[in-house]
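Written below as structure tokens is the structure these notes are about.
Each residue takes its place number in the sequence, starting with 1.
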Amino acid sequence: MAPVKFGVGQSVLRKEDDALIRGKGRYTDDYTPAAAMHALVLRSPHAHAKFKIDVSRARGLPGVGAILTADDIQDLGSLPCLFNLPDEPFTGPPYPILARDVVRHVGDAVAFVVADTVEQARDAIEAIEVEWTALPAAIGLVNAVKKDAPQVWPDHAGNILFDTSIGDKKAAEAAFAKAHVVAEVTIVNPRIVTNYMETRAVVCEYDAKRDHLTLTIGSQGSHRLRDILCQNVLNIPVEKMRVICPDVGGGFGTKLFPYREYALAAVAARKLKKTVKWTAERADHFVGDAQGRDNVTTARMALAEDGKFLGMDVDLMGDMGAYLSTFGPYIPHGGAGMLPGLYDLQAFHCRVRTVFTNTVPVDAYRGAGRPEAAYVVERLVDAAARKLGMTPDAIRRKNFVSPRAMPYKTATGKIYDSGDFAAHMKRAMDVAEWKEFPRRAKAAKKQGLVRGIGMGTYVEVCGTMGEETAQVRLDPDGDVTILIGTQSSGQGHQTAYAQLVAEQFGIAPERVHIHQGDTDEIPTGLGTGGSSSIPSGGVSVERATRKLGENLKEIAADALETGAGDLEFRDGAIRIVGTDRTISFADLAKRADPSRLNASATFSSADGTYPNGTHIAEVEIDPATGVIHVVNYVIVDDFGVTLNPLLLAGQVHGGTMQGIGQALMEAAVYDAADGQLVTGTFMDYALPRAADGPSIKFETHNVPCKTNPLGVKGAGEAGAIGSCPAVVNAIIDGLYREYGIDHIDMPATAERVWMAIAKSRREHRL
């Protein structure tokens, strides 16, 4: 069949962009109902302290409607952690909606102030009297596990939540016993502040007659928030709350979670019987939203003389911060399951420790553990190549899982269904002109610059959020409406889902309407996370559309007096094959019982999908300043099937730039003495700009996924997974060749690079 004009595989322009680029987007902060009151949060200036609070004077200030402290919300539950170890369950500490008596990180919430205006709320915040008694703070993973470290929680000795392992320790030990050599790296994956464009906000409207709450929130999914807030925190039936998600300006995982302000707005709205609005300032975001990454890992690889990997042993510590965020403990543990990477490596062991510190809680950020795992194994593989005098591509080629081995079960129980890892690496090397690199490096050296080239190959698992249901209906005017519980935060769901409908009905994207983010209109939904929207939601849309199509053909068969098998869809109508006899969708809608104009389908990608690929970065280093420029960047990915090349490229480019930012400049830095977030503003925390990224050459080398009905593999996080190891391996390639420097941690800032070069010159008298 000829490709449908707007169907799968076509570079359809994003239909949602017209409104957004015209300033017609509607985000939570754009919504301010009449007579809404405004809220602010009083946050702790200390990383760890006892406190006594007196709000009596502040409550009497003009315009102040309510001030909530821990005493006012004693009936509320804590924010829950939704992960536990299946075989070694742990009991985590409470994550209170407002701290009582003790704060445990800078930014910990101690009071919620509601007033007629933001200015009056700020006056009240400043009038609240707090008596602080500072306590010693545990800052940083390495410091927190020392014997004499301050304790974040009395019930968790040594600041350890859990200390567990995955894999086979005996098999790994046996592999190391027979190793020719052992390669080892100890690396820091720095903490990241997940700066999306739109800060979090909530508007809570209360209907006293129905005792009903409506929350408008910019999040990654309305149903999960509603269920957690009602069932775990507010202790009310879910029928008493509606959650609406309008346009969302970025999420990256961090907007999946329930936060304190949502529950506090609900309590205040019920108490005052008025609408309450809270919008985070950027300063709130830096110390009030979950942060990402923050691992310290030592990894060793046992090597045979010919470069074959015999076994891998890893010691991984993940910083949880002061409280357990929704999925926090899962991130290092789940990520560890991907540490074997693309390699045929059956002797594997990893010790995983999760650690409390007096810092902002850590949770999922684009990739959620998989970027951390890919960074570890790809840094280790390059170290192994240097140890044996092999090239980076040769050692990878020797150890990749071969296509013939698929389906391949890893040592951690993951099952790779498809892929050709050597093929996409070769293609990336060809596009990057890898063989010609020595000539470019020589030319750069004549200009006093150092060139390096590096690769990061990766495989990840995604699309495992669970069941997603889509409802597809034919509207009276002949348009099609999709109701689905996923939530777009910039990915392009409006366009992607419309293409799946177009593939079957031949209908233009502007005639397909997507409804999402409303718990009253849509019965169920998992939201968006883990690159699941197309692998799960897309399958549901495709199947529901197919069911609706069968209904429509039956209706059309009666109208056209023919058999359903003689009909075909063409340009938003149904036609008798080989004739000009048609009936429009609008006419079909008039002829049928409304129940026949709806269809739904549910799909769960329980097995997950395994996108994989190769990133190659080429960098230029100025040894006089340490400044690094990424001068060439190539990506060849396997996403199974490409739904929309433009959307896909946008996702990959965005994730890659986030990885480049982490590799070169991003890091949340806490003062080791008092726990202050030193990088607490954009004056101190660096984000990548357009000038920091190269023109990216992107291709796909797709091998259809065998466990997904559409053949697709999730793509939303992949760019952030392959980019960090590619960039850092490129930096080390140049530094090692010129100065013998074989290690540098992210972010590889100009200062850090310059200091490493200066140290090497002193030691080697270069």
Side-chain angles (χ1 to χ4, degrees), residues 87 163-187 189 295-318 332-353 369-416 419 421-422 425 455-461 610 612 721 725 729 732 742-743:
D87 301 321
D163 183 344
T164 189
S165 65
I166 61 175
D168 188 332
K169 186 175 182 179
K170 289 185 178 180
E173 289 175 344
F176 279 88
K178 62 182 181 182
H180 173 66
V181 293
V182 173
E184 179 174 329
V185 294
T186 296
I187 59 177
N189 202 307
N295 290 353
V296 175
T297 309
T298 296
R300 300 185 302 138
M301 188 76 81
L303 300 159
E305 190 171 3
D306 64 354
K308 183 67 177 174
F309 298 162
L310 303 176
M312 184 176 176
D313 185 73
V314 182
D315 187 314
L316 185 160
M317 291 194 296
H333 187 269
M338 295 307 299
L339 277 166
L342 304 91
Y343 306 105
D344 182 11
L345 186 63
Q346 286 298 310
F348 172 85
H349 170 259
C350 179
R351 179 188 185 189
V352 183
R353 284 174 285 174
R370 289 102 73 199
E372 295 92 314
Y375 184 64
V376 168
V377 68
E378 290 302 286
R379 285 285 307 276
L380 180 60
V381 168
D382 263 31
R386 286 191 295 272
K387 192 91 173 180
L388 291 171
M390 298 178 70
T391 62
D393 57 304
I395 199 167
R396 285 172 171 80
R397 195 175 295 109
K398 188 171 191 66
N399 289 284
F400 280 154
V401 175
S402 74
R404 296 187 302 276
M406 306 289 182
Y408 175 86
K409 187 174 183 178
T410 73
T412 59
K414 309 297 182 184
I415 299 177
Y416 302 162
F421 308 150
M425 182 181 72
M455 66 173 60
T457 55
Y458 77 92
V459 61
E460 64 141 330
V461 60
Y610 291 88
N612 55 90
I721 296 172
N729 280 341
I732 293 175
D742 63 1
H743 176 80

### Message
Would you compute the distance between atom NZ of K387 and atom CG of L303 and round it to the nearest 0.5 angstrom?
### Response
9.0 Å

### Task
Return yes if some donor-acceptor pair links the side-chain N/O of E173 with the main-chain N/O of K170 below 3.5 Å, else return no.
no

### Message
For Y343 and F400, take the angle between the two ring planes, folded into 0 to 90°, and tell me which bin it lands in: parallel under 30, tilted 30 to 60, perpendicular over 60.
### Response
parallel

### Query
Atom CE of M312 and atom CG of L345: how far apart are they, to the nearest 0.5 Å?
7.0 Å

### Message
Between R300 and D315 (salt bridge meaning N to carboxylate O under 4.0 Å), is one present in this structure?
### Response
no

#### Entry: Criterion side chain to side chain contact (heavy atoms under 4.5 Å, CB included) against V381, the qualifying member of T457, I395, V376
I395

### Task
May I ask you to decide whether E378 forms a salt bridge with R396, counting only side-chain N to carboxylate O separations under 4.0 Å?
yes

### Task
Check the pair L339 / T412 against side chain to side chain contact (heavy atoms under 4.5 Å, CB included), numbers first and verdict last.
CA-CA 9 Å; L339 277 166; T412 59; over 6 Å; no

### Task
Over all heavy atoms of both residues, which pair between A347 and A171 is shortest? Give the atoms and the distance, please.
CB-O, 3.6 Å

### Message
Tell me the closest heavy-atom pair linking H743 and T186, and the distance in Å.
### Response
CE1-O, 3.1 Å

#### Entry: Minimal non-hydrogen separation, N612 against G419, with atom names
ND2-CA, 4.4 Å

### Query
For L342 and Y416, what are the C-alpha separation, side-chain angles and deciding distance, and is it a side chain to side chain contact (heavy atoms under 4.5 Å, CB included)?
CA-CA 9 Å; L342 304 91; Y416 302 162; 5.7 Å; no

### Query
Does any N or O in the side chain of R370 come within less than 3.5 Å of the main-chain N or O of V461, such that one atom is a donor and the other an acceptor?
yes

### Task
Considering non-hydrogen atoms only, spot the tightest contact between P332 and L316 and give its length.
CB-CD2, 3.6 Å

### F176 versus M301, closest heavy-atom pair with distance
CE2-C, 3.8 Å

### Query
Is Q346 reaching over with its side chain to a backbone N or O of K409, donor-acceptor style, under 3.5 angstrom?
yes

### Task
I would like to know whether V314 and T297 meet side chain to side chain contact (heavy atoms under 4.5 Å, CB included); could you show each step before the answer?
CA-CA 7 Å; V314 182; T297 309; 3.5 Å; yes

### Message
Looking at D313 and A302, would you say the former's side chain and the latter's main chain have a donor-acceptor pair under 3.5 Å?
### Response
no

### Task
Check for a donor-acceptor pair, side chain of N729 on one end and backbone N or O of M455 on the other, with a separation under 3.5 Å.
yes

### Query
Say you draw a straight line from CD1 of I166 to CZ of R351; how long is it, rounded to the nearest 0.5 Å?
13.5 Å

### Message
Please find the pair of heavy atoms, one from A383 and one from V185, that lie closest to each other, and give the distance.
### Response
CB-CG1, 3.7 Å

### Separation between CG of L380 and CD1 of I187, rounded to the nearest 0.5 Å
8.5 Å

### Task
Supply the atom-to-atom distance L310 CG to N399 CG, rounded to the nearest 0.5 angstrom.
9.0 Å

### Query
Can you tell me how far CG of D344 sits from OH of Y408, rounded to the nearest 0.5 angstrom?
4.0 Å

### Task
Carefully, step by step, assess V459 and K414 under the rule side chain to side chain contact (heavy atoms under 4.5 Å, CB included).
CA-CA 11 Å; V459 61; K414 309 297 182 184; over 6 Å; no

